[in-house]
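Written out below as structure tokens is the structure these notes cover.
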Amino acid sequence: MLTDDIFEGLSPPQQEAVKHSDGPLLIVAGPGSGKTRVMAHRVAYLVRHLHAKPWRILAVTFTNKAARELRERCESLVPELIDSFTAQVLPVRTFHSFCALVLRRKPEHAGLEPGFSIYDDDDQHRTMRRTLEDLEIDPKRFPPRSILSTISSAKNSMIGVEQFASTVETYGDEVVARVYEGYERALHTANAVDFDDLLLKVFQLLSSQQDVLEEYQNRYEYLLLDEFQDTNPLQFQIARLIAERHRNICVVGDPDQSIYSWRHADPANISEFQRLYPDATIVTLDQCYRSTQLILEAADSVIANNSERLEKHLWTENIRGEPVAIAEAYDENEEARLILDEIGKLDEEDIKRGEIAVMYRINAQSRAMETACNQRGVPYRLVGGLKFYQRKEVKDLICFLRLVNNPADDAALERIINVPPRGIGQRTVDELRRAARENGVPLLDVTMSLQGNGNEALTNGAAPYRVQLKTRAINAVSEFAGLMRLLIQQSMTLQPQQLMDLALERSGYLDSVKEDMERGEEKMENLQELLGSAEQFAIDNGAGPEYEPRELLSEFLENVALVSDVDTMDRDGDLGDAITLITLHQAKGLEFDAVFMIGLEEGLLPHSRSIEDLSQVEEERRLCYVGMTRARKRLYMLGAFQRNARRNFAGEPSRFLQEIPESAVTRQRIRGMRRGQRINEPAAIKRAAAVPAAHSAARPRAQYSPGDQVKHAHFGKGVVISSRDFRGDAEVTVAFDGQGVKRLMLNFAPLSKLVTAEEGEPPPRVEKIDPVLDIP
DNA sequence: GCGCTTTGATTTTTT
DNA sequence: ATCAAAGCGC
């Protein structure tokens, strides 16, 4: 019978998780323990046995890709989910896309207009810069990045502007509070939200409007939250609110794979869940179906070093497998070559290229790997890095559409008003913005209201906007306004891809791309791809005559804003021969036959920014653990003796390597290969010479000590007051002649030593220190 | 206003 | 080393 399929091949704990009927459920699922499978089977169980309506089950995953996978697996278990009447009724979404949907439905509930924009990093940054300008705050003293990150933490802790303002303690906080307010105002006039707002606004909506809350509470009978260890308090609160009525909330997670605390994820959510739902059933899935015994043993030994942790041991019935290969290369280039050599061997072991991944801590590490692949003609696919939708030409075109969809979108307007160049320079834009700000209206309003030759602007019948512009500028602006008018008008009938065609044509963008000798062709391809994806989107979403083109446009833009690169990763097929290059973070949830982790050095993994703080090091360890447990059959962990030759960055082998028991490791294979090949090459000689200087951590401190006389490129001569190691660098405090006292980071400061201090000479006294580099 | 050159800052991970 | 913003000449 069909229903028996649901339990077939499931282990007892898996069955328990699937069968659980009502009430809260916590599933602690180790890597490779069949988590997705359990979730899919659970959905099937709810639909088949408990007769839940599919559209009353809300499943929330971390990425769109995970959402798609889960949906597909559910559909293959419960085919009626895909029959024509109930198509796509199973809501599987990310938190962000769920919230976008809620807001899209009733924008006015959250103080938004229909067609509101979702600002990405770039737009946020731009908005922040403008806000600082308006408030006349020096961006050097208050860097946009760091303010944005403060605001982001606030939002994710459910702290709005008012509350933030009421809790300021320092002068700096007060400035940030003002900026926060200004930034929010800018978003509001632009009818835009940032990523965090999607969540925050929905939370505020649900907690303030009882009727809306009840609507969602009644609608969603069952809630499933994937990757629970990486949810943040705000997300959890949204889920909790919605689940309050039925209390059927099932969360799946693994505290050992919590790697997003920097994005405000809080693994304490797991204990919070237990506190909130003391009656919760807890199921632990600790059998690993993915990795070999040795890989698992190695990973388990590494993670066992974390102190803040629930003891948990994975086990497997898989074969013992090959030991984990550990090797040290001379530099990042050799590291890459070693991998490619080894990949050649894996070919013979029947491990497909598409089942091989190279994983690293930071995106910049992909470069050496890419170069090496190109040299040897090894195809690869790079996940992340420069994202498709972030590419200049793609984003330009998107911004035309965004402005059509939301005429208040100032960030979009600023981006494209002079693209391609049409004679609207900084001065003109500044003037338009001044007028817009004075009247509290979006930029496009001012832009559109310019009438012909005067220096006066008229609104649609209302009071005129006064602008001080020369005729030439007014004409240029009017031309742009005309273009936008046309596009907005046409958007009532045209589909997104047709609108894009029109925009490309009429804006002159197409011509400028054709004239671009350097990147024109590439740009053209990207634009074609974007047009193609718009077309595909229209087809997928059943764009028919009854479908409002504007609605389709909104949805397309929302989709564009919320997809990540991992999401689009599996357009496989023709890419089956390519190896995958991916960051450790992005690799979460994926698996490969063979995994090469690179950059296993102190300073990279664990990263230097994390190295001083125990709990941050533990997160780095979890990151390492995530990487290791992606491997099914083979795991390689490589490091380089020296990286980025110019910076002379020499990391010790990562501490995590030492945490792997010797019994699970082989150090022979790769090493021998390198020695044999390189012994007489210049690099090997250089290496020998470099050894004495290798312990770089100790180097800066040794170089500068109190009393030393130094010279700085800008500040001139001075005397060192103190020096200390700081985050892999050294912070040197220097009293400069006539320039005050400055703190300098040695890696950045153009500082040289003139005279070394006498032994025992007391350092000079200082009263006041002017920070040169604000350390966040 | 535009485009080229110079300077100055910048390196973690991303929905 | 690389990229963005500011500066400068046309």
Side-chain angles (χ1 to χ4, degrees), chain A residues 60-67 93-100 118-122 124-126 129 139-140 143-146 149 152 156 193-199 227 230-232 234-235 258-265 359-365 367 383-387 389-390 418 420-430 469-470 472-473 476 558 561-567 582-588 599 603-611 616 619-620 622-624 626-627 643-647 649 713-714 727-729 745 747-750 772-774 776:
Chain A
V60 182
T61 58
F62 197 67
T63 62
N64 295 296
K65 179 169 190 281
R93 297 191 153 253
T94 64
F95 264 108
H96 288 86
S97 82
F98 171 74
C99 290
I118 299 171
Y119 273 13
D120 68 8
D121 273 6
D122 219 48
Q124 285 185 52
H125 206 251
R126 178 179 245 109
R129 292 195 66 85
K140 296 221 168 88
R145 293 205 148 281
S146 81
S149 102
S152 176
N156 282 288
V193 294
D194 62 22
F195 279 126
D196 300 319
D197 283 339
L198 287 171
L199 306 174
E227 306 285 10
D230 285 325
T231 54
N232 66 39
L234 179 52
Q235 293 168 327
S258 159
I259 53 175
Y260 281 94
S261 71
W262 52 273
R263 231 178 68 191
H264 324 292
M359 301 181 184
Y360 36 83
R361 177 65 233 265
I362 62 173
N363 279 119
Q365 285 175 266
R367 179 149 278 180
V383 182
L386 31 134
K387 295 172 184 142
Y389 292 110
Q390 303 277 70
N418 200 29
R422 55 172 68 84
I424 304 174
Q426 200 55 57
R427 283 289 304 267
T428 309
V429 176
D430 283 348
L469 290 173
K470 301 235 170 74
R472 208 167 76 167
E558 174 184 313
L562 296 178
V563 292
S564 72
D565 269 24
V566 201
D567 301 332
I582 191 169
T583 66
L584 289 164
H585 281 89
Q586 294 182 112
K588 190 179 70 164
L604 250 189
L605 187 67
H607 194 271
S608 52
R609 300 265 154 126
S610 310
I611 224 154
Q616 288 191 55
E619 177 147 324
E620 299 283 310
R622 291 193 290 271
L623 198 49
C624 184
V626 166
R643 196 170 288 277
N644 292 344
R646 278 185 51 84
R647 286 263 196 96
F649 174 85
H714 302 297
R727 301 191 177 178
D729 193 354
M745 297 309 290
N747 273 348
F748 293 98
V772 166
L773 290 171
D774 285 341

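Letters A, B, ... mirror the listed sequences (proteins, then strands); counts begin at 1. Note that the coordinates shown come from a computational prediction; the quantities given were computed from them, not determined experimentally.
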Starting at [atom1] of [X] and ending at [atom2] of [N], how long is that distance when rounded to a whole Å?
{"X": "Tyr260(A)", "N": "dT13(B)", "atom1": "OH", "atom2": "P", "result": "11 Å"}
{"X": "His264(A)", "N": "dT14(B)", "atom1": "NE2", "atom2": "P", "result": "14 Å"}
{"X": "Leu198(A)", "N": "dT14(B)", "atom1": "CG", "atom2": "P", "result": "19 Å"}
{"X": "Asp120(A)", "N": "dT14(B)", "atom1": "CG", "atom2": "C1'", "result": "12 Å"}
{"X": "Asn64(A)", "N": "dT15(B)", "atom1": "CG", "atom2": "P", "result": "9 Å"}
{"X": "Glu227(A)", "N": "dT13(B)", "atom1": "CD", "atom2": "P", "result": "20 Å"}
{"X": "Asp194(A)", "N": "dT15(B)", "atom1": "CG", "atom2": "C1'", "result": "12 Å"}
{"X": "Asp122(A)", "N": "dA5(C)", "atom1": "CG", "atom2": "C1'", "result": "14 Å"}

For a quick check of understanding: with a heavy-atom distance under 4.0 Å over all strands, which category does [X] fall into, base, sugar-phosphate or nothing?
{"X": "Asn418(A)", "value": "sugar-phosphate"}
{"X": "Phe95(A)", "value": "nothing"}
{"X": "Thr428(A)", "value": "sugar-phosphate"}

What's the closest nucleotide to the [X] side chain, out of [options]?
{"X": "Asn363(A)", "options": "dT14(B), dG3(B), dT15(B)", "result": "dT14(B)"}
{"X": "Arg427(A)", "options": "dG1(B), dT14(B), dT15(B)", "result": "dG1(B)"}
{"X": "His96(A)", "options": "dT15(B), dT14(B), dT11(B)", "result": "dT15(B)"}
{"X": "Arg129(A)", "options": "dT15(B), dA5(C), dT13(B)", "result": "dA5(C)"}
{"X": "Arg609(A)", "options": "dT11(B), dT15(B), dT13(B)", "result": "dT11(B)"}
{"X": "Ile362(A)", "options": "dG1(B), dT13(B), dT2(C)", "result": "dT13(B)"}

Smallest separation among heavy atoms of Thr63(A) and Thr94(A), with atom names: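 Between these two residues, the closest heavy atoms are C-CG2, 3.4 Å.
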
Both Gln616(A) and Arg472(A) contact DNA chain B. Taking the nearest nucleotide for each, which residue is further toward the 5' end? Arg472(A)

Please figure out whether Pro421(A) or His585(A) has its closest DNA chain B nucleotide nearer the 5' end.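 Looking at the nearest nucleotide for each, Pro421(A) comes out on the 5' side.
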
For atom P, what is the distance between dA4(C) and dT13(B), given to the nearest Å?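 Taking atom P in both dA4(C) and dT13(B), they lie 15 Å apart.
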
The criterion is side-chain contact (heavy atoms from CB on, under 4.5 Å); which residues satisfy it with Ser258(A), sequence neighbours excluded?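 Ser258(A) satisfies side-chain contact (heavy atoms from CB on, under 4.5 Å) with Gln229(A), Asp230(A), Pro267(A), Arg622(A) only.
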
Can you name the side-chain contact (heavy atoms from CB on, under 4.5 Å) partners of Ala67(A), sequence neighbours left out? Thr61(A), Val92(A)

side-chain contact (heavy atoms from CB on, under 4.5 Å) partner of Glu620(A), chosen from Leu605(A), Leu584(A), Leu604(A):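 Result: among Leu605(A), Leu584(A), Leu604(A), Leu605(A) is the only option passing the side-chain contact (heavy atoms from CB on, under 4.5 Å) with Glu620(A).
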
Nearest 0.5 Å, please: how far is NE2 in His125(A) from OH in Tyr119(A)?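 Atom-to-atom, Tyr119(A):OH and His125(A):NE2 are 14.5 Å apart.
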
dT14(B) phosphate, OP1 or OP2, under 4.0 Å from Gln586(A) side-chain N/O: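 Checking Gln586(A) against dT14(B): at least one side-chain N or O falls below 4.0 Å of OP1 or OP2.
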
Could you tell me whether the phosphate oxygens of dT15(B), OP1 or OP2, come under 4.0 Å of any side-chain nitrogen or oxygen in Asn232(A)?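 Result: no.
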
Measure the acute angle between the ring planes of Phe62(A) and Tyr260(A), then classify it against the limits of 30° and 60° as parallel, tilted or perpendicular.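 Ring orientation, 0 to 90° scale: tilted.
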
